[in-house]
Amino acid sequence: MATKKVTITLDESLVEALTGAAEEDGVPLSRLIAGAAERELRLRVGRAVVQEWQAQHGAFTPEELAAARADLAAADAEYLSSSGASAA
């Protein structure tokens, strides 16, 4: 994968917090920030897909939203129990 060096400006306290998180995870700061940027782009794609679906089929009903939230909670619980991770 090709990389490109860029310069960004962040609040000093944010840089300190990110640096600590990167050290805790044992990854370079640039990898932590790149991962956050990648997640943001995936979220944007997901929101666009949902908006397109709703434009074609109408807004989700409260029941559909509740079912989706329950599915997500179950998936989170399964992940946390299988990975040994703890809820934040």
Between [atom1] of [X] and [atom2] of [Y], what distance do you get to the nearest 0.5 Å?
X: Thr19; Y: Glu16; atom1: OG1; atom2: CD; result: 7.5 Å
X: Arg39; Y: Arg44; atom1: CZ; atom2: CZ; result: 14.5 Å
X: Glu64; Y: Thr61; atom1: CD; atom2: OG1; result: 3.5 Å
X: Asp71; Y: Arg69; atom1: CG; atom2: CZ; result: 12.0 Å

**OP:** Spell out, yes or no, whether Leu41 and Ile8 are grouped together once hydrophobic residues are joined by side-chain heavy atoms under 4.5 Å, including indirect joins.
**Re:**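 Different clusters.
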Original post:
Linking I/L/V/M/F/W/Y whenever their side-chain heavy atoms sit closer than 4.5 Å, directly or via other members, would Ile33 and Leu14 fall into one cluster?
Top reply: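 Per the 4.5 Å side-chain linkage, Ile33 and Leu14 are co-clustered.
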Subject >> Shortest non-hydrogen contact between Leu18 and Leu32, atoms and distance >> reply: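 It is O-CD2, 3.4 Å.
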Subject >> Minimum side-chain heavy-atom gap Asp11-Val15 below 4.5 Å >> reply: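 When only atoms from C-beta onward are counted, Val15 and Asp11 do not touch, as no gap falls below 4.5 Å.
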Original post:
Does a sphere of radius 6.0 Å around CD in Gln56 hold more than 12 heavy atoms from other residues, nucleotides or ligands, not counting ones at 6.0 Å or beyond?
Top reply: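 Enclosed: over 12 neighbouring heavy atoms sit under 6.0 Å from CD of Gln56.
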Original post:
What residues form a salt bridge (Lys or Arg N to Asp or Glu O under 4.0 Å) with Arg47, not counting sequence neighbours?
Top reply: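 Arg47 satisfies salt bridge (Lys or Arg N to Asp or Glu O under 4.0 Å) with Glu40 only.
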Original post:
Would you call Glu38-Arg31 a salt bridge at under 4.0 Å N-O?
Top reply: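 A salt bridge is present here (some side-chain N lies under 4.0 Å from a carboxylate O).
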